[in-house]
Amino acid sequence: MTTVSVATGTDVAAASSGPSEISQRLERLPASSYLWRLVILLSLGGCFEIYDLFLTGYIAPGLNRSGLLTTTTQAFFGFSGIGAFVAATFAGLFAGTFFLGFLADRFGRRAIFPFALLGYSAASVIMACQTTSGGLLLWRFLAGIGIGVEIITVDAYITELVPSRMRGSAFAVNQAVMFIAVPIVAFLAWWLVPLTPHGIDGWRWVVLIGAAASMVIWILRLYLPESPLWLARHGRNSEAIDIVRKLEAATGADQRPGRAAEARASVAIKPAGFADLLRAPYLSLVVLFMVFNFCQAFGFYGFANWVPTLLVEKGITVTKSLEYSFIVAFAYPIAPLVAASFADRFERKWIICGACTAIIIFGLSFAQLVQPALLIAFGVLLTAANMTMSYAYHAYQTEVFPTAIRARAAGLVYSMSRISATFSGFIVAFMLKEGGVGGVFGLITAAMLIVIVTLAAFGPNVRGKPLDA
């Protein structure tokens with residue numbers, strides 16, 4: 001494999017100059033308050049996906065306390081342990097990203113949001129009512145499907161909406177808004193998991209609160225416009241131009257009536273499929289990002305989904321571990337805001353490589369520490385490194401693919417992180433049992449080294465390149 005050169009101006013959907021014109025007009029949009037409001041509105045829906053994703057680790061002590069699941073199991077693939085709960089979450093995410101990522105390419109970005117959010121909410125409510133480990137795992141899997149579809153669609157939409165000069169910052173803000181949910185779920189778990197309000201296990205309340213709050217965002221999402229680039233790629237140029245005009249009017253961008261794009265007839269673009277991803281120039285990109293996603297998930301979720309349990313294994317009580325986890329959780333929304341200051345000043349791949357190096361250093365340090373203050377400090381630093389990697393790759397793996405197959409391609413490569421995270425639940429549980437906390441971070445170190453070498457050698461440069469120009 002050689003380094004892939006990304007030329008977003010020549011792609012499988014370049015048959016029409018209409019999308020190119022739309023891309024150029026979007027590229028000229030200023031960084032206005034209106035544009036940022038759209039980014040934040042998109043991100044707010046993601047809050048509940050992150051809430052649901054991270055409650056996996058925070059309610060784990062409660063699931064163990066209620067007798068539904070155990071911390072570790074005798075069998076490697078034991079389905080009565082926390083590892084199985086983590087696996088069910090990511091198996092659902094895999095199904096949503098791999099099998100249903102095409103929905104946003106076929107029916108539109110905006111059209112998918114309401115259904116994905118409703119599906120997640122309904123499955124979460126039913127999961128909170130389960131009294132057997134089998135029922136718990138089944139509905140956790142179904143909730144994961146909705147989360148998977150939502151995340152891929154949000155990434156594709158933000159990539160298409162924001163000019164290249166501010167795309168990194170937009171994804172940093174997106175991650176900051178979405179990850180506000182982490183300290184919230186950490187606080188609720190710290191408060192409720194040790195209790196049984198009104199005779200109901202505290203972990204059930206944590207799940208139900210998230211599902212109920214997501215309905216507010218469901219209503220707000222109805223006011224989002226469709227992606228102009230997606231409309232143009234499907235021959236709906238007049239609709240795309242109307243939306244771009246509104247964006248230009250709201251942001252004060254240079255409006256140029258009578259431009260050539262507005263005079264052209266709409267031309268439908270031939271639908272693209274998975275076969276397009278298995279041919280040049282995209283096959284190399286697909287392989288690269290599949291390897292990347294498979295490995296990065298060990299670094300991110302190996303810590304994020306296990307931090308309360310890792311603290312318990314270090315001899316800290318359940319209540320204290322949840323308290324410490326709550327403090328560490330504040331790094332999730334704060335770190336991307338700090339990263340926004342340099343998000344568009346460096347190539348994405350070097351930001352990711354730097355973050356992975358920090359994950360190795362802070363993770364190995366965390367494994368050796370026992371003092372509470374130092375555990376919290378290095379937990380915050382490790383979380384900040386994870387979040388820097390996260391915002392950068394969410395932008396990176398969507399902007400390298402063309403609009404016609406963006407959600408489908410991102411879903412395909414992102415699904416590899418779901419496969420690895422599915423098995424990471426079992427693998428981390430095994431490493432925790434056999435090698436303790438040090439063994440877990442040895443695994444994370446190996447995964448991060450593969451990411452660094454792979455991206456440094458083969459990662460394409462994307463900084464400042466417009467989409468479909």
Side-chain angles (χ1 to χ4, degrees), residues 53-54 56-58 60-61 71-73 76 81-83 85-87 89-90 182 186 291-316 318 320-322 324-332 335 352-390 392-393 417 419-455:
L53 194 59
F54 274 77
T56 302
Y58 290 113
T71 302
T72 60
T73 58
F76 184 84
I82 298 298
F85 188 68
V86 175
T89 302
F90 288 101
V182 182
V291 171
F292 165 76
N293 274 288
F294 189 86
C295 294
Q296 65 84 11
F298 279 96
F300 194 95
Y301 296 109
F303 181 73
N305 279 342
W306 288 84
V307 60
T309 304
L310 292 174
L311 290 169
V312 169
E313 287 297 311
K314 281 182 165 288
I316 297 170
V318 169
K320 280 294 182 183
S321 76
L322 291 171
Y324 297 163
S325 299
F326 168 58
I327 297 171
V328 169
F330 279 97
Y332 283 101
I352 295 170
C353 289
C356 290
T357 302
I359 289 169
I360 292 172
I361 296 170
F362 298 143
L364 293 176
S365 300
F366 183 92
Q368 303 302 317
L369 297 170
V370 292
Q371 300 92 335
L374 289 176
L375 280 172
I376 292 172
F378 276 85
V380 167
L381 290 172
L382 180 54
T383 299
N386 266 324
M387 287 307 301
T388 301
M389 176 185 71
S390 178
Y393 85 73
S417 73
I419 289 178
S420 64
T422 298
F423 289 102
S424 76
F426 298 110
I427 296 171
V428 170
F430 175 79
M431 295 300 294
L432 191 59
K433 179 182 176 183
E434 299 297 324
V437 176
V440 172
F441 282 102
L443 173 70
I444 290 173
T445 295
M448 293 298 95
L449 286 173
I450 294 173
V451 168
I452 292 169
V453 172
T454 303
L455 280 191

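Both backbone and side-chain heavy atoms feed into the values below; hydrogens, waters and symmetry mates do not. Remember, predicted model here, so these are calculated numbers, not experimental data.
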Spacing of CG belonging to Leu443 relative to CG belonging to Leu432, to within rounding of 0.5 Å: 11.5 Å
Which heavy-atom pair separates Cys353 from Leu455 by the least distance, and what is that distance? SG-CB, 4.0 Å
If you look at every heavy atom in Ala297 and Ser420, which pair is closest and at what distance? CB-OG, 3.1 Å
What are the two closest non-hydrogen atoms of Ala335 and Met387, and how far apart are they? CB-CB, 4.0 Å
Residue pair Val428 / Gly302: nearest heavy atoms and the distance that separates them: CG2-CA, 4.3 Å
According to side chain to side chain donor-acceptor pair (under 3.5 Å), who are the partners of Thr89, at least two apart in sequence or on a separate chain? Arg140
Grab the two heavy atoms, one from Cys356 and one from Met389, that are nearest each other, plus how far apart they are. SG-SD, 3.7 Å
Just so I know, are the side chains of Phe441 and Leu310 near enough to count as touching, which here means a heavy-atom distance under 4.5 Å? yes
Please report the interatomic distance CD1(Ile444) to CE(Met431), rounded to the nearest 0.5 Å. 10.0 Å
Extract all donor-acceptor atom pairs below 3.5 Å that involve side chains of residues 365-374 and protein atoms in other chains or at least two apart in sequence.
from   : atom 1 : to     : atom 2 : distance (Å)
Ser365 : OG     : Ile361 : O      : 2.9

Is there side-chain contact between Val380 and Phe330, with at least one heavy-atom pair below 4.5 Å? no
Are Leu382 and Val328 side-chain neighbours, meaning at least one heavy-atom pair lies under 4.5 Å? no
Do Met448 and Phe298 come close enough that some side-chain heavy atom pair is under 4.5 Å? no
Flag, side chain of Ser390 to backbone of Asn386, donor-acceptor distance under 3.5 Å: no
Test your reading of the model: is there a side-chain donor-acceptor pair from Ser417 to the backbone of Asn293, 3.5 Å cut-off? no
Checking side chain to side chain contact (heavy atoms under 4.5 Å, CB included) for the pair Thr445/Ile359: CA distance, chi angles, key distance, verdict? CA-CA 8 Å; Thr445 295; Ile359 289 169; over 6 Å; no
Are the side chains of Val182 and Thr383 in touch, meaning some heavy atoms are under 4.5 Å apart? no
For Cys295 and Ile450 the tightest heavy-atom approach is SG-CG2, 3.5 Å
I'd like to check Tyr58 versus Phe326 (side-chain heavy atoms, cut-off strictly below 4.5 Å). Are they in contact? no
Please examine the side chains of Val440 and Phe303, heavy atoms only from C-beta on, and report whether any two atoms are closer than 4.5 Å. no
Report yes if some heavy atom in the side chain of Tyr324 is under 4.5 Å from a heavy atom in the side chain of Leu375; otherwise report no. no
Hey, what do you get for OG1 (Thr454) to CZ (Phe292), rounding to the nearest 0.5 Å? 10.0 Å
